[in-house]
Amino acid sequence: MIKLYGHEMSGNSYKPRLLLELLNIEYEWVKVDLMKGEQKLPEYLALNPLGQVPLLVDGDTKLADAQAILVYLARQHGGDRWLPLDALPLAQVVRWLSTTAGEIRQGPEHSRLYYLFGATSINIERAHQQAENILTQLDRHLSTRNWLEFDRPTIADIAVFPYVALANDGKIDLAPYPSVLAWIDRIKQLPGYIPMAGL
């Protein structure tokens, strides 16, 4: 059985957990208590030397990084529906995985880390500016479509969703972004959807 190591307050841990639920795949959730530093214990570092969550273990396969895990699960279990293979559609999805690791991380995710977890090394003014920029672009993009790409959800939506939906944790008001709010509601209506703390 697949094992997913993560923490319930981690948006990155939530991404693969949500996809596993949407794909109706049986898995075991293994909590790694980040507050107690369990990600730095020798037994966990033996599985993931980077000492981060999430971590997916599927037989002999050990895979870290939320976006990489989404790609793996989509190809192993979801087929073209969640991650197309043709060059242009694939590139369109990967673009959003990059946006997740770039603009969304530097904006909504960093704002949440600052306010919820006291990550004072973060420049909160810059994080809020980045959040406003990416949310404005995201709202404009979603104003003419239901999903980030195509006529269905893909791992692009799963990757972008958590930290955008949790923006309030970072003292970011989503009210100015009605298309983003409508998209969040659509994801919450997907069969198999499960919430995480804060959603």
Side-chain angles (χ1 to χ4, degrees), residues 1-34 48 52-59 61-86 89-90 92-101 104-105 108-109 112 135 138-139 141-142 145-169 174 177-199:
M1 183 189 295
I2 289 174
K3 287 186 177 182
L4 180 63
Y5 292 78
H7 190 275
E8 66 274 5
M9 293 294 289
S10 161
N12 283 316
S13 296
Y14 171 67
K15 295 172 192 180
R17 191 174 194 183
L18 176 57
L19 185 58
L20 283 162
E21 294 284 348
L22 295 175
L23 292 173
N24 196 27
I25 297 169
E26 192 175 350
Y27 66 98
E28 179 185 351
W29 169 257
V30 183
K31 179 178 177 176
V32 179
D33 195 332
L34 303 180
N48 182 5
Q52 299 170 344
V53 293
L55 172 72
L56 184 91
V57 178
D58 186 9
T61 300
K62 296 180 184 71
L63 192 59
D65 183 81
Q67 279 64 248
I69 295 169
L70 291 178
V71 169
Y72 174 80
L73 291 173
R75 293 311 316 152
Q76 282 288 94
H77 302 283
D80 284 356
R81 173 172 177 76
W82 289 94
L83 180 62
L85 283 183
D86 288 343
L90 175 60
Q92 289 171 296
V93 171
V94 169
R95 170 206 171 203
W96 289 107
L97 302 186
S98 297
T99 301
T100 297
I104 290 170
R105 176 173 175 76
E109 183 178 348
R112 183 173 183 262
L135 288 169
L138 192 59
D139 197 68
H141 182 77
L142 285 165
R145 64 190 72 219
N146 287 332
W147 306 104
L148 291 180
E149 297 296 340
F150 324 125
D151 59 353
R152 65 187 189 277
T154 65
I155 61 169
D157 299 276
I158 304 304
V160 171
F161 172 68
Y163 288 112
V164 169
L166 291 166
N168 287 332
D169 286 348
L174 290 177
Y177 311 106
S179 297
V180 170
L181 287 171
W183 168 76
I184 288 170
D185 285 341
R186 281 191 289 277
I187 290 179
K188 290 181 176 181
Q189 299 306 313
L190 290 173
Y193 170 83
I194 56 163
M196 69 167 279
L199 291 179

> Passes side chain to side chain contact (heavy atoms under 4.5 Å, CB included), Gln76 versus Ile2? Steps please.
Replying inline: CA-CA 12 Å; Gln76 282 288 94; Ile2 289 174; over 6 Å; no

> So, for Val180 and Val164, which heavy atoms are closest and what is the spacing to 0.1 Å?
Replying inline: CG1-CG1, 3.6 Å

> To the nearest 0.5 Å, what is the distance between CG (Leu83) and CG (Leu85)?
Replying inline: 6.5 Å

> Hey, does Tyr27 have a side-chain heavy atom less than 4.5 Å from the side chain of Glu21?
Replying inline: yes

>> Measuring only between side-chain heavy atoms, which start at C-beta, is Asp80 closer than 4.5 Å to Arg75?
In response: yes

>> Is there a side chain to side chain contact (heavy atoms under 4.5 Å, CB included) between Met196 and Leu166? Walk through the geometry before answering.
In response: CA-CA 10 Å; Met196 69 167 279; Leu166 291 166; 3.8 Å; yes

> Nearest heavy-atom pair of Ala159 and Thr100: which atoms, and what distance?
Replying inline: O-CG2, 3.4 Å

> Which pair of non-hydrogen atoms, one from Val53 and one from Ser13, has the smallest distance, and what is that distance?
Replying inline: CG2-OG, 3.5 Å

>> Nearest 0.5 Å, please: how far is CG in Asp139 from CH2 in Trp183?
In response: 11.0 Å

>> Any non-hydrogen side-chain atom of Trp96 less than 4.5 Å from a side-chain atom of Leu138?
In response: yes

> Atom CZ in Arg112, atom OH in Tyr163: separation rounded to 0.5 Å?
Replying inline: 6.0 Å

> Can you tell me if CG on Asn24 sees more than 12 non-hydrogen neighbours from other groups inside 6.0 Å?
Replying inline: no

> Are any non-hydrogen side-chain atoms of Asp151 and Asn146 less than 4.5 angstrom apart?
Replying inline: no

> Is there side-chain contact between Trp82 and Ile158, with heavy atoms separated by less than 4.5 Å?
Replying inline: yes

> Is any side-chain heavy atom of Val57 less than 4.5 Å from a side-chain heavy atom of Val30?
Replying inline: no

>> Minimum heavy-atom separation for Asn168 and Leu174, please, with both atom names.
In response: OD1-N, 4.2 Å

>> I need the Ser10 OG to Glu109 CD distance, nearest 0.5 Å.
In response: 8.0 Å

> Shortest non-hydrogen contact from Ala165 to Leu199?
Replying inline: CB-CD2, 3.4 Å

> Is it true that atom CD of Glu28 has more than 12 heavy atoms of other residues, nucleotides or ligands lying nearer than 6.0 Å?
Replying inline: yes

> Are the side chain of Arg152 and the backbone N or O of Arg81 linked by a donor-acceptor pair below 3.5 Å?
Replying inline: yes

>> Using the rule given for side chain to side chain contact (heavy atoms under 4.5 Å, CB included), can you reason through Leu190 versus Leu18, listing the C-alpha separation, both sets of side-chain angles and the distance that settles it, and then say yes or no?
In response: CA-CA 10 Å; Leu190 290 173; Leu18 176 57; over 6 Å; no

>> Parallel, tilted or perpendicular: which one describes the rings of Tyr193 and Tyr14, with boundaries at 30° and 60°?
In response: perpendicular

> Is a donor on one side and an acceptor on the other found under 3.5 Å between the side chain of Tyr5 and the backbone of Ala64?
Replying inline: no

> Which is it for Tyr72 and Asp58 under the side chain to side chain donor-acceptor pair (under 3.5 Å) test, yes or no, and what are the steps along the way?
Replying inline: CA-CA 10 Å; Tyr72 174 80; Asp58 186 9; 2.7 Å; yes

>> Between the side chains of Lys15 and Asp157, is the shortest nitrogen-to-carboxylate-oxygen separation below 4.0 Å, so that they form an ion pair?
In response: no

>> Looking at Leu148, is its backbone amide N or carbonyl O close enough to the side chain of His141 to form a donor-acceptor pair, meaning the two atoms are under 3.5 Å apart?
In response: yes

>> Please find the pair of heavy atoms, one from Asn12 and one from Ala66, that lie closest to each other, and give the distance.
In response: O-CB, 3.4 Å

>> Using 0.5 Å steps for rounding, measure from the CG atom of Leu34 to the CD atom of Glu8.
In response: 8.5 Å

>> A side-chain contact here means heavy atoms from C-beta on lying under 4.5 Å apart; do Thr99 and Val160 qualify?
In response: no

>> For a 4.5 angstrom cut-off between non-hydrogen side-chain atoms, does Pro54 reach Ile69?
In response: yes

>> Set out, in order, the CA-CA distance, both residues' side-chain angles and the distance that settles side chain to side chain contact (heavy atoms under 4.5 Å, CB included) for Glu149 and Arg95, then state yes or no.
In response: CA-CA 10 Å; Glu149 297 296 340; Arg95 170 206 171 203; 4.0 Å; yes

>> Distance check, rounded to the nearest 0.5 Å: Leu4 atom CG versus Lys31 atom NZ?
In response: 14.0 Å

